[in-house]
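Numbering of ligands and ligand atoms starts at 1, following listing order.
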Amino acid sequence: MLVQSFLPMSITPSSSAKGNLFVVSAPSGAGKSSLIKALLEQYSTDNHPLQVSVSHTTRAPRPGEKDGVHYHFVTVDAFKALVEEDGFFEWAEVFGKYYGTSKQAIADTLERGIDVFLDIDWQGARQVKAQLPDAHTVFILPPSVAELERRLTGRGQDSAEVIAGRMAEAVSEMSHVDEFDYVLVNDDFDETLRSFLSIVQAQRQTQAFVKTAHGRLINALLGR
Ligand code: 5GP
């Protein structure tokens with residue numbers, strides 16, 4: 001009780017603490033989207049809110065995908081107009097289609113103290129890191145070549161040529177693994193999810209983050 005009278009009213013993060021930005025890349029078949037989805041569903045809380053950024057793309061929606069939820073599905077002209085207006089934080093051509101993260105998609109969210117996840121390719125990750133060195137980049141690898149092949153083979157309905165093409169794309173994406181801050185090998189899903197969570201939580205314990213989030217508490221504890 002006595003201690004309480006010395007402490008400021010709020011010892012929860014102050015409104016000046018901004019969210020952290022995480023960039024997550026992986027070859028197709030590594031489990032990236034499932035890991036991000038599970039992380040948000042299981043670990044986003046009021047004290048530590050997590051959100052995924054919704055990208056713009058010129059590719060067509062797949063069955064079950066909703067505009068504004070999975071992507072903002074736009075025409076090539078609309079995409080190019082946004083590029084002209086300098087509306088993208090980063091953008092890239094991936095497999096012949098345009099993909100981009102709009103500035104609007106992340107700025108307000110980070111300001112509000114929410115951690116934001118970008119599910120983007122290595123080209124986008126490189127652009128983000130160049131503009132925001134404080135962003136945390138995470139690369140997810142499959143556990144073996146055999147497992148990657150198995151995951152890319154799908155239901156066995158695709159030709160050997162199609163599968164070989166997917167493998168080549170995966171190898172091309174993985175050749176950038178050493179540009180990333182963290183690397184997760186997705187062998188056991190739950191274990192990988194825990195490792196992913198530990199990376200995310202650790203960024204709230206850095207000196208820089210704690211100074212901003214708990215500056216008043218630290219001053220009070222030190223009698224300043
Ligand atoms: P898909 O078409 O399978 O959803 O995504 C294909 C690739 O594009 C994935 O590697 C995905 O991470 C990447 N991607 C999705 N959105 C963006 C984006 O906004 N920017 C960049 N650079 N890549 C993206």
Side-chain angles (χ1 to χ4, degrees), residues 21-40 50-110 115-132 135-142 148 151-155 157-158 162-163 165-184 186 192 196:
L21 183 63
F22 295 90
V23 178
V24 190
S25 302
S28 154
K32 171 178 63 167
S33 304
S34 309
L35 281 164
I36 297 175
K37 189 166 176 275
L39 188 82
L40 266 59
L50 314 172
Q51 202 168 296
V52 69
S53 150
V54 180
S55 293
H56 284 63
T57 184
T58 60
R59 80 151 165 77
R62 296 186 186 125
E65 284 185 335
K66 290 197 181 77
D67 187 38
V69 176
H70 298 91
Y71 281 104
H72 298 291
F73 295 99
V74 294
T75 61
V76 172
D77 284 348
F79 193 97
K80 286 185 173 165
L82 254 173
V83 173
E84 288 297 311
E85 287 165 24
D86 197 23
F88 284 114
F89 184 49
E90 65 74 35
W91 67 273
E93 190 178 339
V94 187
F95 314 140
K97 302 289 176 188
Y98 294 120
Y99 293 83
T101 308
S102 69
K103 289 182 178 168
Q104 203 191 355
I106 53 170
D108 299 348
T109 321
L110 289 172
D115 282 2
V116 177
F117 292 77
L118 306 186
D119 172 344
I120 64 178
D121 83 326
W122 69 270
Q123 304 174 81
R126 199 182 262 185
Q127 292 173 51
V128 170
K129 200 71 180 173
Q131 294 177 74
L132 256 190
H136 311 286
T137 56
V138 182
F139 199 89
I140 302 169
L141 287 173
L148 179 66
R151 292 179 191 175
L152 292 183
T153 304
R155 299 194 186 102
Q157 288 166 348
D158 300 310
V162 168
I163 295 165
R166 282 188 201 143
M167 277 303 279
E169 280 163 1
V171 172
S172 159
E173 183 78 28
M174 289 187 294
S175 69
H176 297 277
V177 62
D178 58 3
E179 296 174 26
F180 287 72
D181 300 322
Y182 299 93
V183 181
L184 296 170
N186 187 13
T192 311
F196 192 11

Starting from atom 20 (N) of ligand 1, which protein heavy atom do you reach first, and at what distance in Å? Glu90 OE2, 2.8 Å

Can an N or O of Ala26 be found at a distance shorter than 3.5 Å from an N or O of ligand 1? no

With a cut-off of 4.0 Å, which atoms of ligand 1 are near a heavy atom of Thr101? 19 (O)

Give me the ring orientation class for Trp122 and His176: parallel if the planes are under 30° apart, tilted from 30 to 60°, perpendicular past 60°. parallel

Looking at ligand 1, is there an atom of it that comes within less than 4.0 Å of some heavy atom belonging to Arg59? yes

Option set Trp91, Tyr99, Phe95, criterion heavy-atom distance to atom 2 (O) of ligand 1, minimum: Tyr99

Compute the minimum heavy-atom distance from Arg62 to ligand 1 and say whether it is under 4.0 Å. yes

Identified side-chain contact (heavy atoms from CB on, under 4.5 Å) partner of Val24 from the options Phe196, Phe180, Phe139, Tyr182: Phe196

Can you tell me the protein heavy atom closest to atom 5 (O) of ligand 1 and the distance? Tyr71 OH, 3.4 Å

Identity of the nearest option to atom 7 (C) of ligand 1, non-hydrogen atoms only, from Ile36, Val94, Val128: Val94

Note the single closest protein heavy atom to atom 19 (O) of ligand 1, along with its residue, its atom name and the distance in Å. Ser55 OG, 2.7 Å

Note, Phe89 side chain near Gln127 side chain (heavy atom, < 4.5 Å): no

Quick check against the 3.5 Å criterion: does Ser25 have a side-chain atom that pairs as donor or acceptor with the backbone of Ile120? yes

Against heavy atoms of Ala92, which atoms of ligand 1 measure under 4.0 Å? 22 (N)

Only one of Phe88, Phe79, Tyr71 forms a ring pair (Phe, Tyr, Trp, His ring centres under 6.0 Å) with His56, so which one is it? Phe88

How far is atom 23 (N) of ligand 1 from its nearest protein heavy atom, and which residue and atom name does that atom have? Asp121 N, 3.2 Å

Residue part near ligand 1, for Gln123, under 4.0 Å between non-hydrogen atoms: neither

As an exercise, state the distance from NZ of Lys129 to CD of Glu179, rounded to the nearest 0.5 Å. 11.5 Å

Show the atoms of ligand 1 that are less than 4.0 angstrom away from any heavy atom in Gly124. 22 (N)

Take every heavy atom of Lys32, measure it against each atom of ligand 1, and state whether any distance is under 4.0 Å. yes

Could you check if a side-chain atom of Val94 sits within less than 4.5 angstrom of a side-chain atom of Arg59, using non-hydrogen atoms only? no

